Amino acid sequence: MNKIEELAKLICPNVTLTINDLEKKYPARNLPTDAKVTRFAPSPTGFLHTGSLFASFVASKFAHDSNGVFYLRIEDTDTKREVKGSIETVVKQLGLFDINIDEGYSIGGIYGPYIQSERSFIYDTVIYEMILKGLAYPCFCTQEELDKIREVQMANKERPGYYGKYAKCRNLTVEEAIEKIKNNVPYVVRFKSNGNFLNHIDFHDEIRGDLKLSENDLDIVIRKSDGLPTYHFAHACDDHFMHTNYVIRGEEWLPSAPIHVQLFNALNFELPHYAHLPVIMKNDNGNRRKLSKRLDPEASVTYFIEQGYPTSALLIYLCTIANSNYEEYRLANPDSKISDFKLSFDKFSLDGALFDLEKINNISKDVIFKTPINELVSSIKEWASSYDSKLLSLINTDKDMFAKIMSFGKNDPQPRKDYYKFAEIYDHICYMYKDTYDELACEELPYDETLISTSCKLFKNDLSLYKPNKDDWFNHQKEIARSIGFANNKKDMKENGFTYMFSEYMSIIRVALTKRKNAFDLVDIIDTIGIDEAIRRLNNFIK
RNA sequence: GGCCUAUUGGUGAAACGGUUUAACACAUCGCCCUCUCAAGGCGACAUUCACGGGUUCGAAUCCCGUAUAGGUCACCA
């Protein structure tokens, strides 16, 4: 065994395979030529970020639009930032948003393992050969030494980083390296870059087009001292052996693309296509900044789940951010599904969109209104059982009544669109139920008591004639209200000297029946609570 | 600071050198409908495309500068 082999063996003692073996173990996928293989590769550092949902949505859509494969890979190489249980949360939340995974973590597949902490045998196999070929070397610099180098570079106004003359471990002899490792000196493995920063490489991005980027000359770390790979290296190995052909990721990766290009070239791996997605932004007092988990509740997908947004509403919104022509498509094809629309790279905006909750609310209202009543009721019930116990108890007191309330105006020529999220429902409907009505505080009316009680009595006495035909009934009410001084309309009021309008009469009755100035259609309300209950409420109110 | 990317109303944006006195959608504001609310209908809302130069018969569209914003420069992804 020569010295370089000894070094390689020391760095990767458990290697039994060669890169060639790996190529055979992970053969090319048998797919049509234009099929896209994409992936979502989250780090388990918490719940699903809205930006990650966007990236995974786009990646899965491109795969599925082309009859390709969308897989899930867990990038858990940063043990310090790992949050226990977050993998399960992310997988669950992807499922809730109908992001269908074809392969990968939690499902399996022949290109596994799909979790990076279990892929060391692959990384080490590659590193072993890189050492032999002189493409990688161990670096024993301590954090302090690296900080020192940076300081010097800053002082000299030079580019910071481990390159050129600053890459001192590059020049260590094999013997020296072996010696240090045998003495248990901690070390990382670095890629030996042959790049020149002054050179430019041509880089094609599917979204951004042709770019010229500076060549990488940094000897980046590919394996950390804990033995785990860094992102850059894992990206090259994993996306190669898993045969990803479209790498769809956030814009923040664009500056490191030259590193990836160089790595793929050095390893003789075929370069995938890249698409760098614009980052979703947030307006913060007139300034744009990244949507932040810490500052913006809507940056976490959990927010939308807890508030009871239909998941498709968020997806529709994200789809319009991705390709703004989707909005027009949806207008022209109101009954289409997202899957009917094909996303295209050249329709992407290059600038990060400002996240617009108002627009989501608008979309959501429409989605909720279009959901068939049975489906709606059962998803509201399911949501309420986790997030809204007050609403759940209303539903449970009378399920049919709840379904009836939720379908108010649904079949009218001008249908109602009352809610954009389930968390709004309780407050809209609570007065419909006897017990909650009794506990409710009553809104004030700007009329004297005599007028109020006269109106209520008149209305109550007339209730026996109640017929649930809206037009007839309201016309009839107009007549009787007029008899105690409420004009039919503005014209009537002016011409005949009335002080009050019919709408004011109705608002007195409305408050009596619901304790609210704003409520549903009165006919619907009486129809639902029943005449007896209506009379009871009126009597209580008159008192 | 270096490198990269972007810049059309409050927001998402269309526009691919002339049919643009800038589409569509959200928001906002009016009016209409109306038992209130919601919904719906109608209308208003950029004379101008960050700014300054150029090219052209003609520029939001092409070129060059400037400004501004964002990303990135880790043993984090």
Side-chain angles (χ1 to χ4, degrees), chain A residues 41-45 75-78 80-81 116 139 141-143 146-147 150 154 157-162 186-190 197 203 205 208 211-214 218 220-232 234-235 249-258 276 278-279 281 283 286-290 317 320-321 324-325 327-328 330-331 347 349-363 365-366 369 408-409 412-419 428 470 473-474 477-478 481 489 501-507 509-511 514 516-523:
Chain A
S43 313
T45 54
E75 312 222 324
D76 61 339
T77 57
D78 187 355
K80 285 187 233 65
R81 291 202 313 161
Q116 288 179 333
C139 167
C141 290
T142 61
Q143 195 54 56
L146 294 174
D147 291 345
R150 170 173 299 267
M154 290 307 218
K157 296 212 160 52
E158 287 177 303
R159 222 159 23 89
Y162 205 80
Y187 68 96
V188 300
V189 180
R190 285 185 186 271
F197 189 72
F203 181 80
D205 184 275
R208 280 151 204 283
L211 305 173
K212 285 217 181 301
L213 303 175
S214 274
L218 263 27
I220 54 133
V221 173
I222 57 176
R223 198 179 81 177
K224 299 181 279 184
S225 54
D226 62 6
L228 291 168
T230 57
Y231 172 86
H232 303 117
H235 156 52
R249 46 148 64 156
E251 191 186 24
E252 68 270 22
W253 291 110
L254 191 56
S256 47
H276 289 95
V279 177
M281 309 292 283
N283 186 334
N287 295 321
R288 285 168 160 261
R289 46 147 247 260
K290 240 168 137 171
Y317 173 68
T320 66
I321 288 194
S324 69
N325 56 324
E327 207 171 349
E328 278 183 63
R330 197 165 154 266
L331 232 47
K347 288 284 182 191
S349 160
L350 303 181
D351 207 9
L354 243 35
F355 197 73
D356 189 352
L357 246 188
E358 305 253 31
K359 195 135 187 170
I360 297 173
N361 291 344
N362 180 275
I363 294 169
K365 249 183 192 180
D366 196 54
F369 144 75
F408 279 167
D412 289 3
Q414 297 305 336
R416 300 188 65 89
K417 298 181 185 176
D418 285 295
Y419 324 97
H428 269 70
K470 286 183 190 177
W473 190 75
F474 278 115
Q477 290 305 314
K478 271 185 189 167
N489 50 43
M501 295 265 290
F502 175 63
S503 61
E504 295 178 278
Y505 174 73
M506 293 313 284
S507 84
I509 307 304
R510 168 164 285 105
V511 170
T514 68
R516 295 276 179 84
K517 283 182 189 157
N518 300 334
F520 294 115
D521 184 301
L522 275 183
V523 168

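Naming: A, B, ... by sequence-line order, numbering from 1 per chain. As a basis for the values below, the full set of heavy atoms in this structure was taken, side chains included, without hydrogen atoms, waters or symmetry mates. Keep in mind that what you see is a predicted model, and the values were worked out from it rather than measured.
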How does RNA chain B look in dot-bracket notation if pairs are Watson-Crick or G-U with both distances under 3.5 Å, crossing ones as [ ], other-strand ones as |? (((((((..(((.....[.....))).(((((.......))))).....(((((..]....))))))))))))....
Is a donor from one side chain sitting under 3.5 angstrom from an acceptor on the other, for A/Arg249 and A/His276? yes
In plain terms, say whether A/Arg330 and A/Asp366 are close enough for a salt bridge, that is, a side-chain N and a carboxylate O under 4.0 Å apart. yes
Every protein N/O within reach of nucleotides 62-65 of chain B N/O, cut-off under 3.5 Å:
none

Indicate for each nucleotide in nucleotides 28-34 of chain B, in 5' to 3' sequence, whether protein heavy atoms under 4.0 Å reach the base (B), only the sugar-phosphate (S), or nothing (-). -------
Every protein N/O within reach of nucleotides 14-16 of chain B N/O, cut-off under 3.5 Å:
none

Along RNA chain B (nearest heavy atom to each residue), the more 5'-positioned of A/Phe502 and A/Leu354: A/Leu354
Nearest-nucleotide wise, let me know which of A/Ser503 and A/Lys290 is further upstream toward the 5' end of RNA chain B. A/Ser503
Polar atom pairs (N or O), protein with nucleotides 75-77 of chain B, under 3.5 Å:
{"unit_1": "B/rC75", "atom_1": "O2", "unit_2": "A/Ser225", "atom_2": "N", "d": "2.9"}
{"unit_1": "B/rC75", "atom_1": "O2", "unit_2": "A/Ser225", "atom_2": "OG", "d": "2.7"}
{"unit_1": "B/rC75", "atom_1": "N3", "unit_2": "A/Ser225", "atom_2": "OG", "d": "3.3"}
{"unit_1": "B/rC75", "atom_1": "N4", "unit_2": "A/Cys141", "atom_2": "O", "d": "3.4"}
{"unit_1": "B/rC76", "atom_1": "OP2", "unit_2": "A/Lys224", "atom_2": "NZ", "d": "3.4"}
{"unit_1": "B/rC76", "atom_1": "O2'", "unit_2": "A/Asp78", "atom_2": "OD2", "d": "2.8"}
{"unit_1": "B/rA77", "atom_1": "OP1", "unit_2": "A/Thr77", "atom_2": "OG1", "d": "2.8"}
{"unit_1": "B/rA77", "atom_1": "OP1", "unit_2": "A/Lys224", "atom_2": "NZ", "d": "2.7"}
{"unit_1": "B/rA77", "atom_1": "OP2", "unit_2": "A/Tyr231", "atom_2": "N", "d": "3.3"}
{"unit_1": "B/rA77", "atom_1": "O3'", "unit_2": "A/Ser43", "atom_2": "OG", "d": "3.2"}
{"unit_1": "B/rA77", "atom_1": "O3'", "unit_2": "A/Glu75", "atom_2": "OE1", "d": "2.8"}
{"unit_1": "B/rA77", "atom_1": "O2'", "unit_2": "A/Ser43", "atom_2": "OG", "d": "2.6"}

Looking for any heavy atom pair under 4.0 Å, which part of the strands does A/Met281 touch: base, sugar-phosphate only, or nothing? sugar-phosphate
Indicate for each nucleotide in nucleotides 37-42 of chain B, in 5' to 3' sequence, whether protein heavy atoms under 4.0 Å reach the base (B), only the sugar-phosphate (S), or nothing (-). BBBS--
Given B/rC4, B/rA25, B/rU7, which nucleotide is nearest the side-chain atoms of A/Leu331? B/rA25
So, OP1 or OP2 of B/rG12: does either fall under 4.0 Å of a side-chain N or O from A/Arg288? yes
